[in-house]
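To start, the structure under review is shown below, and the notes come after it.
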Amino acid sequence: MTSVNSIKPAPAIRTHNIEQIIHAPIGETARLCGWVQHRRDLGQLIFITLRDRWGEMQCVIDPAHSEAAHALAEGLRNEYVVAFSGATRPRPEKEVRAYPGGDREFLVDGVELLTAAEPLPFNVEEDVKASEELRLKYRYIDLRRRAMVRAMTIRHKCVSAIRSYLNSHGFLEIETPMLARATPEGARDYVVPSRVHPGEFYALPQSPQLYKQVLMCSGLDRYYQIARCLRDEDLRGNRQPEHTQLDLEMSCATRDELFSIAEGAMHAVWRECLGEELPHPFPRLPYREAMALYGSDKPDLRFGSRIVELSGQAQCIDAAWLKSDLELGKCVHGIFIPGASLSRKQYDEWTAQAKELGAGGLMTIELSGEEPKGSVAKFLTDSLAFAQAAESAEGNAHGTWFMVVGDTPSNYKVLGQLRLALGREFKLIDEGKWAFLWVVDFPLYEASDEPPYVTPSHHPFTMPVAEDQHKLESEDPAELLSIRSDNYDLVLNGVEMSSGSLRINKPDLQLKVLRRIGLSDEQIEDRFGWFLGAYRYGAPPHRGFGQGIDRLVMSLLSLDNIREVIAFPKTASAQCPLTGAPAPIDDAQWSELGIKSR
RNA sequence: GGGGACGUGGUCUAGUGGCCUAGGAUGCCUGCCUGUCACGCAGGAGGUCGCGAGUUCGAAUCUCGUCGUCCCCGCCA
């Protein structure tokens with residue numbers, strides 16, 4: 001019998017990766033492996049840029065140094081996988097470059113071709129020219145690009161920073177099933193047929209929401225999971241059928257304690273991924289104020305130009321149509337855009353946009369010059385009022401007021417949208433800024449078009465505040481809409497990053513809320529009976545949130561397309577160009593599953 | 001479900017009724033070249049203009065349909 005010790009270790013395929021050889025002392029002997037990024041054949045001398053995940057190294061093959069290596073190197077082509085043995089040496093002084101490893105080159109004395117490559121469907125270059133469809137079809141090539149390696153690396157660091165932060169704060173990472181039970185409401189489910197139970201189906205989880213609440217009932221107390229969430233809905237630039245979420249839940253925690261954990265995780269991520277320190281603590285804004293000041297439940301705080309009520313100042317606008325609107329009880333709201341000055345054509349374009357958003361029209365007063373200009377300037381009896389309002393809103397009276405008249409919620413909506421568009425147009429947004437904030441105290445319900453004309457603004461497991469719980473019995477939508485809850489979103493630069501709440505932990509209250517969304521007792525028992533059961537045997541107060549990891553990584557990298565941060569994403573029609581999924585299954589599978597095709 | 005944009009050698013693109021036998025760049029192939037780094041120079045191969053129908057003497061170009069991609073609205077508790 002051969003002793004373990006008698007087997008000699010195989011010689012190394014690779015001794016250094018490129019990052020290591022870049023940082024090794026010059027003169028280091030090594031064997032490098034990588035892809036031929038580029039070959040520059042000068043006839044005698046051949047230069048090859050060798051690429052691996054960590055970097056690039058210029059390799060020199062000199063026939064005067066090694067005839068054999070040179071003969072082999074002549075046959076190398078782009079994206080061949082090779083092993084070069086040799087040693088680094090300093091570059092001639094004139095040839096030194098500023099990039100990493102630009103002070104040295106790798107003089108090759110042995111070339112081994114590990115695998116040849118056919119000519120590629122597109123070039124591996126940073127300024128990629130191939131269409132996105134082609135990049136996805138050959139994703140394994142696209143992922144060789146530095147930008148993609150960076151995205152995958154940052155994504156890894158982000159998740160890893162979150163894990164290590166939460167692990168050190170007493171959280172357990174617990175996996176929950178992918179083969180789950182369909183729940184009514186919400187998004188459409190992806191469904192998986194059961195072979196063992198013909199005609200019955202699992203649903204892939206839209207989120208681990210119910211499982212994590214049950215884990216709290218089990219007393220696991222602090223749970224998190226980097227969880228895949230699946231929803232069969234139409235896609236967008238920042239939406240995929242499967243996305244990854246930091247799902248977290250904690251028992252017996254105040255809102256402040258939960259925020260401190262969430263903020264700590266964000267601090268860890270920014271430190272690990274970008275080496276930046278975020279402000280502490282993140283500002284908080286009640287939902288009601290967010291709507292009144294920014295016309296949005298996810299305001300972009302990278303610039304000002306808040307919404308201001310100008311009904312008083314509007315008395316100085318002597319126009320009959322405006323007076324009659326004000327007498328009808330309508331309000332004037334406006335935002336002041338410092339530095340903005342509009343041509344007639346631009347004014348018409350902004351007016352068209354305001355009308356599309358539901359405004360009757362758009363009033364402007366430009367305060368940049370001697371005399372006020374703008375659409376209602378000629379009706380002004382006193383421009384000082386608007387100058388003062390601009391001064392107190394923005395500390396600046398050079399710019400333009402954009403104003404609408406109407407009922408307050410509609411004004412907020414229009415100005416909230418205009419604010420973002422104007423902020424972009426007039427370059428008010430500080431792109432280098434990370435404007436985190438908590439939007440808190442969302443109402444339990446928001447208005448809906450269908451009976452009962454309200455829908456949960458977060459989800460039906462959110463705790464209504466105690467004093468408002470009696471209103472759950474009401475049939476009046478206005479009454480229902482006034483129910484408050486301990487419900488919060490984390491917003492970054494105008495994008496919703498996470499969403500959470502204090503959960504209901506009393507079975508009778510949970511039952512009431514589920515009835516409220518229009519479910520019969522029978523449906524509730526059938527679909528949520530198991531969940532309510534968990535609540536009957538001792539459910540602690542608990543709260544948590546879910547945070548979109550894809551969006552987080554997009555923010556870290558300043559990308560606006562979710563596909564750029566996912567290794568193998570789906571197209572807008574939910575297909576995978578690489579594998580061809582989804583695809584038909586064969587007849588045997590149909591019959592084995594006991595289901596029929598339409 | 002609705003709306004919009006796009007589809008031309010491997011890749012990116014020019015071409016808006018005849019001047020197109022479809023131009024360029026890059027990649028690929030051949031040759032030359034010892035300090036290149038998007039190497040350079042010379043030559044070469046490579047296209048039924050997404051697919052189908054129609055209008056026209058004539059269609060990459062106009063019309064309709066269809067397929068695919070992207071974006072927006074709906075949808076996404």
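Note on naming: letters A, B, ... go to the chains in the order of the sequence lines (proteins, then strands), and numbering restarts at 1 for each one. Because only heavy atoms are used, hydrogens play no part in the values below, and waters and symmetry mates are left out as well, while side chains stay in. This structure is a prediction, so every number in the text was calculated from the model and none was measured.
In terms of phosphate contacts, A:Ser573 brings a side-chain nitrogen or oxygen within less than 4.0 Å of OP1 or OP2 of B:U69. Of the side-chain N and O atoms in A:Arg77, one or more sit less than 4.0 angstrom from OP1 or OP2 of B:C29. For the pair A:Thr49 and B:C37, the criterion of a side-chain N or O lying under 4.0 Å from OP1 or OP2 is not met. When the side-chain nitrogen and oxygen atoms of A:Arg51 are compared with OP1 and OP2 of B:C37, none of them lie within a distance under 4.0 Å. Contact annotation: A:Arg231 reaches the phosphate of B:A77 (side-chain N/O to OP1 or OP2, under 4.0 Å). For the OP1/OP2 pair of B:C12 and a distance below 4.0 Å, the side-chain nitrogens and oxygens of A:Ser131 include at least one atom meeting the criterion.
Judged purely by atom type and a 3.5 angstrom limit, A:Glu133 has no side-chain atom pairing as donor or acceptor with the backbone of A:Pro577.
Here B:C33 presents its P atom at 11 Å from CD of A:Glu74, a figure rounded to the nearest Å. Rounded to an integer number of Å, the gap from A:Ile562 CD1 to B:C76 P is 17 Å. Regarding A:Leu230, its CG atom lies at a distance of 17 Å from the P atom of B:C76, rounded to whole Å. In this structure, CG of A:Leu136 is placed 13 Å from C1' of B:G68, rounded to the nearest angstrom. At whole-Å resolution of the value, OH in A:Tyr138 and P in B:U11 are 8 Å apart. Taking atom CD of A:Glu95 as the reference point, atom P of B:U34 lies 15 Å away to the nearest angstrom. A:Arg39 places its CZ atom 17 Å from the P atom of B:A38, with the value rounded to the nearest Å. Separating the CD1 atom of A:Ile61 from the P atom of B:G35 is a distance of 15 Å, rounded to the nearest angstrom.
Rounded to a whole angstrom, the distance from the P atom of B:G7 to that of B:U13 is 9 Å. Comparing the P positions of B:U16 and B:C70 gives a spacing of 28 Å, expressed to the nearest Å. As rounded to the nearest Å, B:G52 and B:C57 have P atoms that lie 23 Å from one another. Remark: the separation of the P atoms in B:C29 and B:G10 is 16 Å, to the nearest Å. Here, B:G47 and B:G9 have their P atoms 11 Å apart, quoted to the whole Å. Comparing B:G4 with B:G74, their C1' atoms sit 15 Å apart, to the nearest whole Å. When the P atom is compared between B:A14 and B:C73, the two are found 28 Å apart, to the nearest whole Å. Here the separation of B:G24 from B:U63, taken at their C1' atoms, is 31 Å to the nearest Å.
Considering only the side chain of A:Gln575, B:G68 comes nearest among B:U34, B:G68, B:U11. Side-chain atoms of A:Leu45 lie closest to B:G35 of the nucleotides B:G35, B:U69, B:C71. The side chain of A:Arg91 sits closest to B:C37 out of B:C70, B:C37, B:U34. Here the nucleotide nearest the side chain of A:Glu105, chosen from B:G35, B:G68, B:C76, is B:G35. The nucleotide whose nearest atom lies closest to any side-chain atom of A:Gln44 is, among B:C33, B:U34, B:A77, B:U34. The side chain of A:Phe47 lies closest to B:U36, out of B:C70, B:U36, B:C28.
Within 4.0 Å of A:Asn561, counting heavy atoms only, lie sugar-phosphate atoms of the nucleic acid but no base atom. A:Tyr99 comes within 4.0 angstrom of a nucleotide base, judged by non-hydrogen atoms across all strands.
Look at A:Arg135 and A:Glu564 and you find a salt bridge, because one of the NZ, NE, NH1 or NH2 atoms lies within 4.0 Å of a carboxylate O, short of that distance. Note on A:Glu242 versus A:Arg228: salt bridge recorded, some NZ/NE/NH1/NH2 to OD/OE distance being below 4.0 Å. Under a 4.0 Å N-O distance rule, the pair A:Lys512/A:Glu473 qualifies as a salt bridge. Salt-bridge annotation for A:Arg146 and A:Glu56: present, with a side-chain N of the basic residue lying under 4.0 Å from a carboxylate O of the acidic one.
For A:Asp476, the salt bridge (Lys or Arg N to Asp or Glu O under 4.0 Å) criterion is met by no residue, not counting sequence neighbours. Taking the salt bridge (Lys or Arg N to Asp or Glu O under 4.0 Å) definition, one finds that A:Arg181 meets it with A:Asp526, sequence neighbours left out. Not counting sequence neighbours, A:Arg288 has no partner by the side-chain contact (heavy atoms from CB on, under 4.5 Å) test. In terms of the side-chain contact (heavy atoms from CB on, under 4.5 Å) criterion, residue partners of A:Pro507 (sequence neighbours excluded) are, by chain and number, A:Tyr535, A:Arg536. Judged as a side-chain hydrogen bond (donor to acceptor under 3.5 Å, both in side chains), and not counting sequence neighbours, the contacts of A:Arg145 are A:Asp142. Among residues two or more places apart in sequence or in another chain, the side-chain contact (heavy atoms from CB on, under 4.5 Å) test is passed with A:Pro90 by A:Ile26. With sequence neighbours excluded, the residues that form a side-chain contact (heavy atoms from CB on, under 4.5 Å) with A:Arg484 are A:Val465, A:Glu467, A:Asp468.
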Using a cutoff of under 3.5 Å, can you pull out all pairs of nitrogen or oxygen atoms linking the protein to nucleotides 72-75 of chain B, with atom names and distances?
{"residue": "B:C73", "atom": "OP2", "partner": "A:Arg236", "partner atom": "NH1", "Å": "2.7"}
{"residue": "B:C73", "atom": "N4", "partner": "A:Arg236", "partner atom": "NH2", "Å": "3.2"}
{"residue": "B:G74", "atom": "N7", "partner": "A:Arg236", "partner atom": "NH2", "Å": "2.8"}
{"residue": "B:G74", "atom": "O6", "partner": "A:Arg236", "partner atom": "NH2", "Å": "3.3"}
{"residue": "B:G74", "atom": "N1", "partner": "A:Asp234", "partner atom": "OD2", "Å": "2.6"}
{"residue": "B:G74", "atom": "N2", "partner": "A:Asp234", "partner atom": "OD2", "Å": "3.2"}
{"residue": "B:C75", "atom": "O2'", "partner": "A:Glu233", "partner atom": "OE1", "Å": "2.7"}
{"residue": "B:C75", "atom": "N3", "partner": "A:Arg239", "partner atom": "NH1", "Å": "3.0"}
{"residue": "B:C75", "atom": "N3", "partner": "A:Arg239", "partner atom": "NH2", "Å": "3.2"}
{"residue": "B:C75", "atom": "N4", "partner": "A:Arg236", "partner atom": "NH1", "Å": "3.2"}
{"residue": "B:C75", "atom": "N4", "partner": "A:Arg239", "partner atom": "NH2", "Å": "2.7"}

Got a list of protein N/O to nucleotides 4-10 of chain B N/O distances below 3.5 Å?
{"residue": "B:G10", "atom": "O2'", "partner": "A:Pro121", "partner atom": "O", "Å": "3.1"}

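Pairing partner, B:A25: B:U11, with both Watson-Crick or wobble hydrogen-bond distances short of 3.5 Å. Across every strand in view, B:G31 sits in a pair with B:C41 that passes the Watson-Crick or G-U test at under 3.5 angstrom. Base pairing annotation: B:A5 forms a Watson-Crick or G-U wobble pair with B:U69, both donor-acceptor distances under 3.5 Å. In this entry B:A53 has B:U63 as its Watson-Crick or G-U wobble partner, both defining distances falling under 3.5 Å.
Of the two residues contacting RNA chain B, namely A:Val60 and A:Gln209, the nearest-nucleotide position lying further toward the 5' end is that of A:Val60.
For the side-chain hydrogen bond (donor to acceptor under 3.5 Å, both in side chains) condition, the pairs that include at least one residue of residues 77-87 of chain A, sequence neighbours left out, are A:Arg51-A:Glu79, A:Glu79-A:Arg144. Applying the ring-ring contact (aromatic ring centres under 6.0 Å, His included) rule to pairs touching residues 475-503 of chain A yields A:Phe259-A:Tyr488, sequence neighbours excluded.
Looking at residues 482-512 of chain A, you'll see that no heavy atom sits under 4.0 Å from any atom of RNA chain B.
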